[in-house]
Amino acid sequence: MDLQLNGLSQSHGHMEQIFNAINLGLILVDADENILLWNDWLTRHSKLQPQQVIGKKLEHAFEAPLSPGFLKAVRNTLGHGLPVVLSNALHRSPLPLFDPAVLSEEKAHMHQSISMTPLNSADGTRCCLIQVTDSSTSIKREKMLRSHSEMLKVEATTDGLTGIYNRRFFDEHYKMALGHSRREKLPLSVLMIDIDFFKEYNDYYGHLLGDKAIIGVANALKAQLSRSTDVLARYGGEEFVLMLPNMSEEFAVQFAEKLRSAIWNLAIPHMKSHISQQLSISIGLSTFNNEADGDFKTLLKCADMALYKAKQGGRNQCAQMSIHDLLAISTVS
Ligand SMILES: Nc1nc2c(ncn2[C@@H]2O[C@H](COP(=O)(O)OP(=O)(O)OP(=O)(O)O)[C@@H](O)[C@H]2O)c(=O)[nH]1
């Protein structure tokens, strides 16, 4: 018997140590909401010692009032014997607890996850065990993961040098935009843009200044765009592609000319250009007008051939080619 009692008091001692070592808050309240248990975790996070709160009504244990939602959940557990898990989204900080590592006067309230469990005693009364965990770190981790995945998404769709879209992004959106134009019977113009004599520029000014020129051209082209549906992307080294949904051939010709002169007006010196002493671009454009053969490859091929035409024509100029022109050439050859 003595041995048994000894064992019982020893296990009570262990229980107390476990309650205080555990990394979560434990509060036990009786059927009248009086506090029976208050572990060390709660003391650390509330600065209230057990002797200040044991025997007090839960509602009056803290200086600050408790949220009605929290008290209602305790009463439901005691009244109906049902376990409750408070929603994290609706109840961010139900108890006035804080992180002891935050030393400032205005202690930030800790985000908490709270669950309540009914405990039935042998005498037929019911207690409520409240378990509190600090969810701040998991919320922070979740935020970090979210911003990390946003960053990866941006990296996957943008060009590292210029910050405009990359080819992968363009290809995906271009296919979708062309499908939309076909369904809605709207035009779509595509422009291929290439810096003239850029090999000579690189050879003469060096790769670093070459990079700077590419960035300058990308920024100047981007500054001319006004619709959110326009997509400018770096297509290759010194080549860009621009998609202009719902832009007719007539407007696209004017717009291409505006882009060409915007780059010309940057007046970037290019002593090795064969046509002038400043940097210029050539542009090839093609417009989809709901032709049956106007798939995404054909339209890009037209714009590319128009660019070749602009280069052959002397550079620093715009040229166009329609899908009909392309088909006529193919039939002849
Ligand atoms: N600095 C720099 N140069 C690049 C980059 N990508 C491609 N280039 C250079 O761009 C030049 C392109 O040369 P080409 O394709 O011969 O064209 P081009 O000299 O512009 O001649 P045209 O297009 O016919 O006027 C090459 O010298 C490439 O090394 C880059 O990211 N940075």
Side-chain angles (χ1 to χ4, degrees), residues 151-174 189-225 230-244 252-253 255-287 297-322 325-326 329:
M151 233 167 62
L152 287 178
K153 221 187 280 171
V154 169
E155 271 175 23
T157 56
T158 54
D159 168 53
L161 179 70
T162 59
I164 61 172
Y165 291 119
N166 59 18
R167 188 172 181 156
R168 189 200 306 174
F169 181 89
F170 178 85
D171 286 343
E172 273 173 25
H173 281 73
Y174 167 56
S189 293
V190 170
L191 278 66
M192 296 292 270
I193 305 161
D194 189 273
I195 305 177
D196 297 325
F197 299 115
F198 200 63
K199 185 179 178 325
E200 286 82 346
Y201 188 93
N202 254 338
D203 291 347
Y204 185 68
Y205 294 98
H207 207 81
L208 275 184
L209 277 182
D211 281 358
K212 221 174 138 192
I214 292 176
I215 296 169
V217 169
N219 287 339
L221 293 173
K222 199 174 157 193
Q224 297 298 322
L225 307 181
D230 297 346
V231 174
L232 172 70
R234 186 163 173 223
Y235 212 57
E238 23 71 88
E239 191 174 15
F240 302 90
V241 65
L242 174 60
M243 156 184 108
L244 302 160
V253 169
F255 193 73
E257 187 49 35
K258 196 170 142 196
L259 295 178
R260 190 205 59 75
S261 53
I263 302 306
W264 183 253
N265 292 337
L266 291 176
I268 299 172
H270 186 352
M271 302 309 288
K272 294 292 168 185
S273 169
H274 299 190
I275 48 165
S276 66
Q277 298 208 323
Q278 65 187 66
L279 198 84
S280 60
I281 54 169
S282 296
I283 300 178
L285 84 92
S286 189
T287 302
K297 274 190 192 150
T298 311
L299 190 63
L300 268 187
K301 194 172 174 195
C302 284
D304 202 41
M305 286 186 76
L307 174 63
Y308 180 73
K309 218 160 90 176
K311 292 274 182 187
Q312 292 298 301
R315 296 176 175 81
N316 189 25
Q317 58 185 268
C318 310
Q320 68 188 105
M321 181 172 274
S322 68
D325 294 339
L326 180 77
I329 296 172

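All residue numbers in this chain count up from 1 along the given sequence. Quantities reported herein were computed from a predicted structural model and do not represent experimental measurements. Whatever order the structure lists them in is the order used to number ligands and atoms, beginning at 1.
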Looking at I214, is its backbone amide N or carbonyl O close enough to the side chain of E238 to form a donor-acceptor pair, meaning the two atoms are under 3.5 Å apart?
no
So, using side-chain contact (heavy atoms from CB on, under 4.5 Å) as the criterion, who are the partners of A303 when residues are at least two apart?
V190, M192, S286
Are there any protein N or O atoms under 3.5 Å from the N or O atoms of ligand 1? List them with distances, or say none.
{"residue": "ligand 1", "atom": "1 (N)", "partner": "N202", "partner atom": "OD1", "Å": "3.0"}
{"residue": "ligand 1", "atom": "1 (N)", "partner": "H207", "partner atom": "O", "Å": "3.2"}
{"residue": "ligand 1", "atom": "1 (N)", "partner": "D211", "partner atom": "N", "Å": "3.3"}
{"residue": "ligand 1", "atom": "1 (N)", "partner": "D211", "partner atom": "OD1", "Å": "3.0"}
{"residue": "ligand 1", "atom": "3 (N)", "partner": "N202", "partner atom": "ND2", "Å": "2.7"}
{"residue": "ligand 1", "atom": "19 (O)", "partner": "F198", "partner atom": "N", "Å": "3.1"}
{"residue": "ligand 1", "atom": "19 (O)", "partner": "K199", "partner atom": "N", "Å": "2.7"}
{"residue": "ligand 1", "atom": "20 (O)", "partner": "I195", "partner atom": "O", "Å": "3.0"}
{"residue": "ligand 1", "atom": "20 (O)", "partner": "F197", "partner atom": "N", "Å": "3.4"}
{"residue": "ligand 1", "atom": "20 (O)", "partner": "F198", "partner atom": "N", "Å": "2.7"}
{"residue": "ligand 1", "atom": "20 (O)", "partner": "E238", "partner atom": "OE1", "Å": "3.1"}
{"residue": "ligand 1", "atom": "23 (O)", "partner": "D194", "partner atom": "OD1", "Å": "2.9"}
{"residue": "ligand 1", "atom": "23 (O)", "partner": "K311", "partner atom": "NZ", "Å": "2.8"}
{"residue": "ligand 1", "atom": "24 (O)", "partner": "R315", "partner atom": "NH2", "Å": "2.9"}
{"residue": "ligand 1", "atom": "25 (O)", "partner": "F197", "partner atom": "N", "Å": "2.8"}
{"residue": "ligand 1", "atom": "25 (O)", "partner": "K311", "partner atom": "NZ", "Å": "3.1"}
{"residue": "ligand 1", "atom": "25 (O)", "partner": "R315", "partner atom": "NE", "Å": "2.9"}
{"residue": "ligand 1", "atom": "31 (O)", "partner": "R234", "partner atom": "NH2", "Å": "2.6"}
{"residue": "ligand 1", "atom": "32 (N)", "partner": "D211", "partner atom": "OD1", "Å": "2.6"}

Residues D196 and S282: side-chain donor-acceptor under 3.5 angstrom
yes
Applying side chain to side chain donor-acceptor pair (under 3.5 Å) as the test, list every pair that has at least one member in residues 151-163; sequence neighbours left out.
D159-T162, D159-R234
Are any side-chain N or O atoms of H270 and backbone N or O atoms of F197, one a donor and one an acceptor, separated by less than 3.5 Å?
yes
Residues at least two apart in sequence or cross-chain that pass side-chain contact (heavy atoms from CB on, under 4.5 Å) with A252, listed by chain then number, are S189, M247, L285, T287
